[in-house]
Amino acid sequence: MKEYRKAGVIGYPISHSLSPRIHNYWLQQYHIKASYEAIPVKPEDLKTFLGKMAKEEFAGVNVTIPHKEAAFNLVKTDRHTQNIGAVNTIIVRDEQIIGMNTDVYGFIHSLLEKFEDKELKAISRKTLIMGAGGATRAVCTALQPYSGEITIVNRTREKAEKLASHMRAMEMENIAVSDWHNLENIMSDATLLVNTTSLGMKGQPSLDISLKTLPATAVVCDIVYNPLPTQLLKQAEARGNRTIDGLGMLLYQAQSAFAEWFDVVPEVTPELRHYVAEALL
Ligand code: ATR
């Protein structure tokens with residue numbers, strides 16, 4: 001392994017990121033001599049920053065708002081990342097700057113933590129996704145090997161249509177679109193319900209939906225992790241549905257990035273979960 005020993009998260013403005021807390025926890029745990037910092041990078045400085053990373057001994061960085069799409073257009077990427085069109089992790093390898101999207105890994109591993117492969121196939125037989133933003137692409141890509149059918153509903157239907165046709169062009173044929181107001185109807189035979197909208201997040205409007213038609217056997221997943229649990233997950237738990245919160249996706253996407261940078265697959269433990277959740281209070 002090379003001696004690149006700096007990492008961080010770049011964004012602008014960069015304030016409430018939990019990533020330093022997660023990565024510094026692991027750096028300590030595995031006695032790795034490296035730093036992980038929140039680094040403010042203005043949009044006009046992104047290209048220069050990426051160009052300097054190899055010389056400045058970076059192992060890599062996470063990429064957050066507003067750089068995810070811009071970074072995608074500036075670096076080499078793999079097929080998964082091309083499906084998504086956004087980069088959340090940069091790796092410096094042999095002086096090359098490579099872009100990845102570890103949200104795909106993050107989302108699927110938050111499910112695989114609870115369910116075995118075969119069970120996950122059954123659970124995602126009829127998946128209903130709310131939202132059509134950047135995160136939705138990662139969720140669709142992650143579920144593709146498992147899902148029988150995916151239906152997307154979004155406040156702005158055109159965005160869902162656009163996303164579905166993009167995904168179909170990437171050979172994901174099993175994606176349909178329906179209307180937001182049709183939610184209760186299509187929920188009645190869903191096996192997995194995923195919220196990828198920002199609704200229910202601290203400071204955002206609440207996600208006001210009824211789960212009354214959702215089968216009791218369905219799994220409900222919310223990628224929002226602040227608050228924990230969200231109103232949606234509380235509602236689901238109260239009626240006996242199994243739930244997956246968004247903290248798992250956050251921790252597993254970080255695991256994948258850390259492994260790429262430092263050649264150690266760090267453990268996602270209940271202690272780490274607790275330590276990160278504490279910062280949300
Ligand atoms: P990200 O890239 O993190 O997924 P995003 O692209 O801003 O974030 O997407 C946010 C998602 O939340 C979108 O699906 C958005 O719906 P629109 O496409 O109609 O904008 C959804 N969303 C945000 N606020 C909403 C609201 N008040 N009601 C319904 N959906 C909302």
Side-chain angles (χ1 to χ4, degrees), residues 9-19 43 62-73 77 80-89 99-108 110 127-143 150-167 170 172 175-184 186-187 193-211 220-227 230-233 235 244-254 257 280:
V9 51
I10 60 168
Y12 199 81
I14 182 102
S15 48
H16 298 299
S17 175
L18 289 172
S19 296
N62 286 127
V63 181
T64 188
I65 295 165
H67 300 320
K68 289 184 175 194
E69 283 85 17
F72 174 79
N73 291 315
T77 50
H80 252 9
T81 312
Q82 284 153 21
N83 275 1
I84 296 163
V87 150
N88 77 338
T89 301
M100 285 178 63
N101 196 306
T102 63
D103 281 340
V104 177
Y105 175 98
F107 180 74
I108 210 65
S110 75
T127 299
L128 176 55
I129 301 180
M130 297 179 280
T136 319
R137 289 187 180 201
V139 168
C140 289
T141 306
L143 285 174
I150 298 177
T151 303
I152 305 174
V153 294
N154 192 47
R155 172 181 61 179
T156 316
R157 186 177 166 126
E158 302 91 277
K159 263 177 81 180
E161 298 280 8
K162 216 173 143 194
L163 190 145
S165 56
H166 171 86
M167 289 293 165
M170 300 287 173
M172 281 184 228
I175 301 189
V177 172
S178 190
D179 281 332
W180 183 271
H181 64 72
N182 202 19
L183 200 55
E184 270 186 38
I186 30 177
M187 210 185 271
L193 175 68
V194 188
N195 175 43
T196 69
T197 75
S198 48
L199 296 174
M201 192 187 291
K202 196 174 168 187
Q204 298 291 321
S206 56
L207 174 59
D208 290 322
I209 57 164
S210 162
L211 299 181
V220 180
C221 183
D222 197 342
I223 70 163
V224 173
Y225 54 79
N226 193 9
T230 56
Q231 197 54 42
L232 172 69
L233 296 190
Q235 204 181 326
I244 303 280
D245 69 36
L247 192 54
M249 180 175 176
L250 178 75
L251 295 173
Y252 282 103
Q253 66 74 31
L280 293 172

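Order of listing sets the numbers, starting from 1, for every ligand and every atom in it. Atoms considered below: every heavy atom in the structure, side chains included; atoms not considered: hydrogens, waters and symmetry mates. Remember, predicted model here, so these are calculated numbers, not experimental data.
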Ligand-residue contact atoms, ligand 1 with S198, heavy atoms, under 4.0 Å: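 Listed by number with element: 12 (O), 23 (C), 24 (N).
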Ligand 1 atoms in contact with G131 (distance to a heavy atom under 4.0 Å):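 Reading through ligand 1 atom by atom, the close ones are 14 (O).
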Stepwise side-chain contact (heavy atoms from CB on, under 4.5 Å) check, I152 with C140: CA-CA 9 Å; I152 305 174; C140 289; 4.1 Å; yes
Any side-chain heavy-atom pair of K68 and V87 under 4.5 Å: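 Contact flag for K68/V87 side chains = no.
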Side chain proximity check, L232 to V220, heavy atoms < 4.5 angstrom: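 L232 reaches V220 side chain to side chain.
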Could you find the nearest protein heavy atom to [atom] and give me its residue, atom name and distance?
| atom | answer |
| --- | --- |
| atom 11 (C) of ligand 1 | T197 CA, 3.8 Å |
| atom 1 (P) of ligand 1 | G134 N, 3.5 Å |
| atom 19 (O) of ligand 1 | T156 OG1, 2.4 Å |
| atom 5 (P) of ligand 1 | G133 CA, 4.0 Å |
| atom 28 (N) of ligand 1 | L199 CD1, 3.5 Å |

Contact (N/O only, under 3.5 Å) between A132 and ligand 1: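 Yes: some nitrogen or oxygen of A132 is under 3.5 Å from one in ligand 1.
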Under 3.5 Å: N/O of W180 near N/O of ligand 1: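 No, W180 has no N/O under 3.5 Å of an N/O on ligand 1.
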Closer than 4.0 Å: a protein non-hydrogen atom to atom 3 (O) of ligand 1: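 Given the 4.0 Å limit, the answer for atom 3 (O) of ligand 1 is no, no protein heavy atom qualifies.
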Any non-hydrogen protein atom less than 4.0 Å away from atom 7 (O) of ligand 1: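 So far as the 4.0 Å threshold goes, atom 7 (O) of ligand 1 is out of reach of every protein heavy atom.
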Short side-chain donor-acceptor distance under 3.5 Å, Q82 and T77: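 Per modelled atom types, T77 and Q82 side chains form a pair under 3.5 Å.
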No-hydrogen, no-angle side-chain donor-acceptor test under 3.5 Å, N62 and T89: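 Indeed, the side chains of N62 and T89 share at least one donor-acceptor pair under 3.5 Å.
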Residue selection (non-hydrogen contact nearest atom 18 (O) of ligand 1) among T64, V139, N195, N154: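 Among T64, V139, N195, N154, the closest heavy atom to atom 18 (O) of ligand 1 belongs to N154.
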Candidate with minimal heavy-atom separation from atom 30 (N) of ligand 1, of K159, R155, M130: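 That would be R155.
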Between [X] (side chain only) and [Y] (backbone N and O only), is there a donor and an acceptor less than 3.5 Å apart?
| X | Y | answer |
| --- | --- | --- |
| T197 | L199 | yes |
| H166 | N83 | yes |
| N101 | A86 | yes |

Non-hydrogen atoms of Y225 and L280 that approach each other most closely: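 Y225 and L280 have their closest heavy atoms at O-CD1, 3.2 Å.
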